[in-house]
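In what follows, a structure is listed as structure tokens, so that the remarks can point back to it.
In this text, all values refer to a predicted model and were calculated from it rather than measured experimentally. The chains referred to below are lettered A, B, ... by the order of the sequence lines, with proteins before strands, and numbering in each begins at 1.
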Amino acid sequence: MINITLPDNSVRKFEAGVTGLEIAASISEGLARNVLSAKVDGEVWDATRPIGHDAQVQLLTWNDKEGKSTMWHSSAHLMAEAIEALYPGAKFGIGPDIENGFYYDVDTGDRMITDADLPLIEAKMKELAKQKQTYRRREVSKQEALDYFNKKGDEYKLELISELEDGKITFYESGGFVDLCRGPHVPDTGHIKAIKLTSIAGAYWRGDEKRKQLTRIYGITFPKSKELEDYLQLIEEAKKRDHRRLGKELEIFTFSQKVGSGLPLWLPKGAELRERLEAYLKKVQKAAGYESVITPHIGNVELYKTSGHFQKYGQESFRPITTPVEGEEFFLKPMNCPHHCEIYKYKPHSYKDLPIRYAEFGTVYRYEQSGELHGLTRVRGFTQDDAHIFCTPDQVKDEFKGVMAIVMKIFKALDFDNFVTQISLRDPDNKEKYIGTDENWEKAEKAILEVAEETGLETVIVRGEAAFYGPKMDFMVKDALGRSWQLGTIQVDYNLPDRFELEYIGSDNEKHRPVMIHRAPFGSMERFVAVLIEHCAGKFPLWLAPVQAIILPISEKYHAYAEKVLSLLQNSEVRAEIDTRSEKTGKKIRDAELKRTPFMLIVGEKEEMDETISVRKQGEGDLGTFSVDGFAEMIQKEIIKLVSDKK
RNA sequence: GCCGAUGUAGCUCAGUCGGUAGAGCAGCUGAUUUGUAAUCAGCCGGUCGGCGGUUCGAGUCCGUCCAUCGGCUCCA
């Protein structure tokens, strides 16, 4: 007999070799029906795998994250089985579960799988699922594994197996389909009730663009069809928040093929919004000791040779601009830092001057691959809320913390609470990708890791994601469809000061090298506004809304009174407009609601008589009657609450 | 850049078997003078993404380029 400890710390005795499924059955029939896998001493196992010794066991169902993973991983196998049945000879790459569902990379040779095949595969999967095929785990030797896939002719699996250690290789079989797999899997395919194959895409084998591109099929499954319906509904709702759609509807930005792809055009309402964000940050930065600088949009190629950008990115940049007579080469600036380094050098500096903080909303241009462009989040011309801090080595940590405080303040002011802080370090196995000495890199990485430690901020550390001149701390935020984007960034750099030979005179009267911190709390205005739009679904915080209130006269008779209200509001610095169209009030309200105008002020006979306005709040409805002053005061209070309470 | 899909009026979309385009909304004009999510009528609006080809004839078929969308790769 063995002792099984359950999550509530109760201990039950079972015969050795008991399975998760049997434990579930001993608790309740319902649990046994729903159990997908079992966590045994911290490791997720098949619910059908015998447990041979005393263990902590947690039964996993659809309500557990790991239960969902098990289900989706099994679904990937089910899909592969269906594909093998429909397209004999198909070869398989990898087929993992992901955040929302699963995918499998397949190579069907000349018979390309297209969107039209998805319903067929789906139908086959449903058919196989109904058969309640069990997933059977089998340990195999490396030789046995190689022999099997050699015979099958699947070079992808062979490559994967060749990298595995003998004695740790398992196969899973369901129906007639055998796959190399670590597991675990659900007990049988009957658990997979609702199936939706969502999309199809090309994906390079092992993520290497020099290798063959396989067909990746994405899908998601659920134990109940209602849940699938809910999920699809949720996706539809999320699409409505897409900044590309809302940006158009709310007249924030547009693109023109004639101007060029990836080059956003800010419309008046978008420009208004952006200017407000910029003004806000400028105020915060001024208070934090930043000074504004302004630099041109192009720079001599020599500047970028000094910085190292030319060597690293020269070939994948917009082609240089040349002067007609001398043939000098200029690049559209892809970064502001080289220019700022040259500003630092315009005169000698004393340690007493430091830190120096140069800030610029600098517009930069980068050639992004055509397939990468994406609304406002990935563009070829964008404006960074950039600044470079030049400081002594002793000041690095305090300056870094100061920047973090600005980022947090901004995120808080805009209710961005779902961000992930990522620390990006150099890939130690690929040092040639970076410039600078090991010593400088170690100092810079140490500084960031220490600051993270000291501030207690939860971070994710990723190796190989650093900038080529230094490590960084990035603030990542997800868009409406769950895609992660980098917004704010803080980078510690010991290398550019070397390359530009930046100096300051220390208290010892000797020359020293300053340290640079690159930072952009928004990241870029384009991406930030994109994420902001999705975050608030177009309902901007009152202080940012391009139009805060729209006055809706009941009829033409009240236009004069509307004008009066408008001028009173303008005196109180409320941004307002009048809808003078000859439309019914219901129509005007509908349009204002759709434009997400925060307040609608209805004025008619009653209001004119009493010198009042009838206030309706977007998304909420009628708030009742207010005096103009009372309303202006309410708006101002709300703005103060929105902006200052959160500091 | 790669794989796949898509591209028809400002927007959202229809257009059968190849016979030179249609709706709603928006816009304009007029009527209406409107009370908390769509008043009515008329009008304007399209080299059917560009270029080439097949055909008596192409929005429709073929090729190519461009753009957009979903991924992959990349992202100073």
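- Checking the phosphate oxygens (OP1, OP2) of B:G70, a side-chain nitrogen or oxygen of A:H374 falls inside 4.0 Å.
- Taking atom CZ of residue A:R245 and atom P of nucleotide B:C69, one finds them 14 Å apart after rounding to whole Å.
- The nearest whole Å value for the distance from the CZ atom in A:R211 to the P atom in B:C72 is 18 Å.
- Nearest nucleotide to the side chain of A:Q213, out of B:A5, B:C3, B:U12: B:C3.
- Note: OH (A:Y469) to P (B:A76) measures 8 Å, nearest angstrom.
- Taking the six-membered ring for Trp and the full ring otherwise, A:Y344 and A:F500 have centroids separated by 6.0 Å or more.
- Residues that satisfy the side chain to side chain donor-acceptor pair (under 3.5 Å) test with A:E237, not counting sequence neighbours, are A:K240.
- B:G53 and B:A9 have their P atoms separated by 25 Å, with the value rounded to a whole Å.
- A:R378 comes within 4.0 angstrom of a base, heavy atoms only.
- Heavy-atom minimum distance, A:W266 versus A:A271: CE3-N, 4.1 Å.
- For A:Y313 and B:A76, the ring-to-base geometry satisfies the stacking test (centroid distance below 5.5 Å, interplanar angle below 30°).
- Distance check on atom C1': B:U32 versus B:A23 gives 25 Å, rounded to whole Å.
- Legend: residues meeting side chain to side chain donor-acceptor pair (under 3.5 Å) with A:E368, ordered by chain and number and at least two apart, are A:R378.
- Listed by chain and residue number, nothing satisfies the salt bridge (Lys or Arg N to Asp or Glu O under 4.0 Å) test with A:K269 (two or more places apart in sequence, or in another chain).
- Side-chain N/O atoms of A:R366 and base N/O atoms of B:C75 include no donor-acceptor pair closer than 3.5 Å.
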**OP:** Assign a letter to each nucleotide of nucleotides 23-37 of chain B from its 5' end: B, base within under 4.0 Å of a protein heavy atom; S, sugar-phosphate only; -, no contact.
**Re:** ---S-----BBBBBB
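- Using a 4.0 Å heavy-atom distance criterion, A:A203 is classed as a sugar-phosphate-only contact.
- Across the C1' atoms, B:U16 and B:G59 are found 13 Å apart, a figure rounded to whole Å.
- The backbone N or O of A:Q315 lies less than 3.5 Å from a partner atom in the side chain of A:R319, making a donor-acceptor pair.
- Atom CG in A:L267 sits about 13 Å away from atom C1' in B:G10, given to the nearest Å.
- Per the geometry, NZ belonging to A:K258 stands 18 Å off C1' belonging to B:U68, to the nearest Å.
- Taking the side chain to side chain contact (heavy atoms under 4.5 Å, CB included) definition, one finds that A:E209 meets it with A:Y204, sequence neighbours left out.
- Among the nucleotides B:G1, B:C75, B:G71, the one closest to any side-chain atom of A:Y204 is B:G1.
- If you take CD1 of A:I235 and C1' of B:G70, they are 12 Å apart, rounded to a whole angstrom.
- If you look at A:Y231 and A:F222, their ring centroids are closer than 6.0 Å.
- Scored by the side chain to side chain donor-acceptor pair (under 3.5 Å) test, A:Y104 finds A:K157, A:D179 as partners (sequence neighbours excluded).
- The same atom, P, is picked in B:A67 and in B:U54; the two are 27 Å apart, to the nearest Å.
- Taking the nucleotide of RNA chain B with the nearest heavy atom to each of A:C337 and A:S199, the more 5' of the two is matched to A:S199.
- Under the salt bridge (Lys or Arg N to Asp or Glu O under 4.0 Å) criterion, the residue pairs touching residues 513-522 of chain A are A:D498-A:R513, with sequence neighbours excluded.
- Remark: C1' of B:C3 and OH of A:Y103 are 15 Å apart, rounded to the nearest angstrom.
- Across the C1' atoms, B:U39 and B:G49 are found 38 Å apart, a figure rounded to whole Å.
- Under the side chain to side chain contact (heavy atoms under 4.5 Å, CB included) criterion, A:R111 pairs with A:Y87, A:D117, sequence neighbours left out.
- Taking the P atoms as reference points, B:G42 lies 31 Å from B:G7, given to the whole Å.
- Among the heavy atoms of the strands lying under 4.0 Å from A:G207 are primed sugar atoms or P, OP1, OP2 only; no base atom is included.
- Comparing A:E465 and A:T215 by the nucleotide of RNA chain B whose heavy atom lies nearest to each, the residue mapping closer to the 5' end is A:T215.
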Report, one line per pair, each donor and acceptor closer than 3.5 Å where one atom sits in a side chain of residues 583-591 of chain A; sequence neighbours left out.
| residue | atom | partner | partner atom | Å |
| --- | --- | --- | --- | --- |
| A:K588 | NZ | A:P553 | O | 3.0 |
| A:K588 | NZ | A:D579 | O | 3.1 |
| A:K588 | NZ | A:R581 | O | 3.1 |
| A:D591 | OD2 | A:R581 | NH1 | 3.1 |
| A:D591 | OD2 | A:R581 | NH2 | 2.9 |

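- The phosphate of B:G70 (OP1 or OP2) has a side-chain N or O of A:R483 nearer than 4.0 angstrom.
- Following rounding to the nearest Å, A:E249 (CD) and B:G10 (C1') show an atom-to-atom distance of 14 Å.
- Annotation: B:U64 and B:U6 have their P atoms spaced 16 Å apart (nearest Å).
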Within the sub-3.5 Å range, which N or O atoms of nucleotides 65-67 of chain B have a protein N or O partner, and how far apart are they?
| residue | atom | partner | partner atom | Å |
| --- | --- | --- | --- | --- |
| B:C66 | O2' | A:Q257 | OE1 | 3.4 |

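- Only the C1' atoms considered, B:G1 is 40 Å distant from B:G57, to the nearest whole Å.
- A:K212 is linked by a side chain to side chain donor-acceptor pair (under 3.5 Å) to A:D107, counting only residues two or more places apart in sequence or in another chain.
- Side chain to side chain, A:N336 and A:H388 fail the donor-acceptor criterion of an N or O pair below 3.5 Å.
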**OP:** Using a 3.5 Å limit on both pairing distances, list the dot-bracket string of RNA chain B from the 5' end; Watson-Crick and G-U wobble pairs count, crossing pairs take [ ], interstrand pairs take |.
**Re:** (((((((..((((.....[..)))).(((((.......))))).....(((((..]....))))))))))))....
